[in-house]
Amino acid sequence: MFDRQIRFDWVIVLVTLVLLAIGLMMVHSASSVLSEQKFNDPFYYAKRQLMWAVLGIVAMILAANYDYHKLRTLAPKLMIAGFLALVLVLIPGVGSNRGGSQAWLGIGSFGIQPSEFAKLALIVFLAHYLADAKDKMDSFWKGFVPPLSMALVAVLLIMLEPDLGQSVVIMGTTIILLFAAGARWRHLSSLFGAGLVAFAGLVAVAPYRMDRIVAFLDPWKYPLDEGYQIIQSLYALGSGGLIGLGLGHSQQKFLYLPEPQTDFVFSILGEELGFLGGATVLALFAVLVWRGFRCAMFARDEFGSLLAAGITGMIAVQVLINVGVVTGSIPATGITLPFISFGGSSLTLMLTGVGILLNISRQSVYAVA
């Protein structure tokens, strides 16, 4: 049992709730026109996001009060369940296809993404495994390859959907965990080289990915095709200027920017709240990542340290990818902005992860200010 006198890291709580509030506000603002057109209800997406936010907060509170050490005994079962869900979604008639990816389980408009929950299960399992493998990390075959193989199995299943964005997040998070566990630099660099080869292979077998790379290099060459979405995103960000057009006054949400409430919600945020609004959101994420890694540094045991590093790394990787795509800094790939984008599975997962972080901070070796 842990000392209940040690408080949660309330900075993490506060920053998470502020980001969640901004997300609810921006989902409504970004989706109001599309919601009115598709469902005759400007609050359609906002109401669903609010429902998931409430469920996510409940999950966060439960996770914050659940001793994270108990997750070690559940880690193998969680990983098996995650793999089974990833297989289940690929079965015709069981998984549903949305946006060209068979990544959903559900009925009608209600659905969940198993890849989101498998992502957290993988972090728990890798933290469990690596906590006992510290003395093996100098060995490529005994320390480096086994956890990497588990991540690659998850990536393979997710790429069959296909979902490149989730695969990149999983590999990025796995690299962070391997680094935190003490993997050698030459092993990590070899993984980077192999990743480039694998990426080239993925592009070769799916021509639309090459189209995205071409559009990334010169979107204005294909303004009505591959480059359309990033051009509209840049228009939105550029229109916002320093202080923005004002909340609710976006022009790009009037069916210029496709699905503005999901992967490109940061574009609408930048348009309505300007550079200062976007910079504030990024600063909040920076504080959350700082406190998350601080939690990892002061965790009472190796498992808690790696678990906190994995959850924080997952959040950081997703933010970097999403903002990178929206600003045209990297090729387009579908991934949500944590706590901000519309999406029930992603939001619930992230809030559950934050709850686990809070429990680790509650049992840390420092007294939180």
- request: Show your reasoning for whether ring pair (Phe, Tyr, Trp, His ring centres under 6.0 Å) applies to F303 and H69.
  value: CA-CA 8 Å; F303 173 65; H69 293 98; 7.2 Å; no
query: Step by step, would you call Y256 with Y235 a ring pair (Phe, Tyr, Trp, His ring centres under 6.0 Å)?
result: CA-CA 10 Å; Y256 292 105; Y235 279 156; 9.2 Å; no
query: So which heavy atom on I123 is nearest to which on I311, and how close?
result: CG2-N, 4.0 Å
query: Do Q166 and E116 have side-chain atoms, one donor and one acceptor, less than 3.5 Å apart?
result: yes
message: Between K47 and D41 (salt bridge meaning N to carboxylate O under 4.0 Å), is one present in this structure?
response: yes
task: Test L357 against Y68 for side chain to side chain contact (heavy atoms under 4.5 Å, CB included), laying out the working first.
output: CA-CA 9 Å; L357 270 182; Y68 73 89; over 6 Å; no
message: Distance check, rounded to the nearest 0.5 Å: T173 atom OG1 versus L122 atom CG?
response: 8.5 Å
Greater than 12 external heavy atoms within 6.0 Å of F39's CZ: yes
message: Could you see if I340 belongs to whatever hydrophobic cluster contains L24? Use Ile, Leu, Val, Met, Phe, Trp, Tyr and a side-chain cutoff under 4.5 Å.
response: no
- prompt: Going by heavy atoms in the side chains, are Y228 and P258 under 4.5 Å from each other?
  reply: yes
task: Would you mind checking if K253 and E271 are paired as a salt bridge, meaning a charged N to carboxylate O distance below 4.0 Å?
output: no
message: Quiz question: by atom type and distance under 3.5 Å, do the side chains of S29 and E272 form a donor-acceptor pair?
response: yes
- request: May I ask whether I315 and L120 are part of the same hydrophobic cluster, defined by side-chain heavy atoms of I, L, V, M, F, W, Y residues being less than 4.5 angstrom apart, directly or through others?
  value: yes
Distance, nearest 0.5 Å, that separates CG of L152 from CG of L157: 11.0 Å
field: Considering all heavy atoms, the nearest L20-L351 contact
entry: CD2-CD1, 4.4 Å
query: Between S233 and S267, is there a donor-acceptor pair closer than 3.5 Å when you use the side chain of the first and the backbone of the second?
result: no
- prompt: Are the ring centres of F179 and W185 closer than 6.0 Å?
  reply: yes
message: Using only atom types and a distance under 3.5 Å, with no angle test, would you say the side chain of R291 pairs donor to acceptor with the backbone of I12?
response: no
- prompt: Is a side-chain donor-acceptor pair under 3.5 Å present for T262 with S341?
  reply: no
- prompt: Does any non-hydrogen side-chain atom of P147 lie less than 4.5 Å from one of L130?
  reply: yes
- prompt: Which value, rounded to the nearest 0.5 Å, describes the distance between R184 atom CZ and L178 atom CG?
  reply: 14.5 Å
- prompt: Does the gap between the ring centers of F43 and H28 come in under 6.0 Å?
  reply: yes
L306 side chain near E302 side chain, heavy-atom distance below 4.5 Å: yes
- prompt: How far apart are the closest heavy atoms of K142 and Y129, and which atoms are they?
  reply: O-OH, 3.5 Å
query: With no hydrogens and no angle check, is any side-chain donor or acceptor of T73 less than 3.5 Å from a backbone partner on K70?
result: yes
message: Please check this pair: side chain of S190 against backbone of H187, looking for a donor-acceptor N/O pair closer than 3.5 Å.
response: yes
V27 backbone acceptor or donor facing Q261 side chain under 3.5 Å: no
- prompt: Near I243 CD1, under 6.0 Å, is it more than 12 heavy atoms from other residues, nucleotides or ligands?
  reply: no
- request: Would you mind checking if R362 and D67 are paired as a salt bridge, meaning a charged N to carboxylate O distance below 4.0 Å?
  value: no
field: Heavy-atom donor-acceptor pair, S364 side chain to S361 backbone, under 3.5 Å
entry: yes
- prompt: Would a 4.5 Å heavy-atom cut-off, applied to side chains only, mark L269 and I22 as touching?
  reply: yes
Sub-4.5 Å side-chain heavy-atom contact between M150 and F83: yes
message: If we ignore hydrogens and angles and just use 3.5 Å, is the side chain of T336 paired with the main-chain N or O of P338 as donor and acceptor?
response: no
query: Rounded to the nearest 0.5 Å, how far apart are CG of L17 and CG of L284?
result: 11.5 Å
task: Would you sort out whether L288 and T16 count as a side chain to side chain contact (heavy atoms under 4.5 Å, CB included), showing the intermediate values?
output: CA-CA 7 Å; L288 181 59; T16 300; 3.9 Å; yes
statement: Of all heavy-atom pairs linking F339 and L347, the shortest is CA-CD1, 3.9 Å
message: Hydrophobic cluster membership, with links at side-chain heavy-atom distances under 4.5 Å among I/L/V/M/F/W/Y: are I268 and L276 in one?
response: no
query: Does I80 belong to the same Ile/Leu/Val/Met/Phe/Trp/Tyr cluster as L88, with side-chain heavy atoms less than 4.5 Å apart forming each link?
result: no
- request: Considering non-hydrogen atoms only, spot the tightest contact between V289 and T312 and give its length.
  value: O-CG2, 3.4 Å
- request: Using the six-membered ring wherever Trp is involved, compare the ring planes of F140 and F144 and label them parallel, tilted or perpendicular (cut-offs 30° and 60°).
  value: parallel
query: Ignoring hydrogens and geometry, is there a side-chain-to-backbone donor-acceptor pair from K119 to I170 under 3.5 Å?
result: no
- request: Take N322 and Q318 through the test side-chain hydrogen bond (donor to acceptor under 3.5 Å, both in side chains) and record every step on the way to the result.
  value: CA-CA 6 Å; N322 181 274; Q318 282 204 206; over 6 Å; no
N359 (side chain) donor-acceptor with G355 (main chain) under 3.5 angstrom: no
- line: Between A64 and F8 the two heavy atoms that sit nearest each other are O-CE2, 3.4 Å
query: Step by step, would you call L34 with Q37 a side chain to side chain contact (heavy atoms under 4.5 Å, CB included)?
result: CA-CA 5 Å; L34 184 64; Q37 183 206 41; 3.8 Å; yes
query: Is there a path of hydrophobic side-chain contacts, each under 4.5 Å between heavy atoms of I, L, V, M, F, W or Y residues, that connects L84 with F125?
result: no
statement: Test side chain to side chain contact (heavy atoms under 4.5 Å, CB included), reference V323, set T327, L320, V325, output is T327
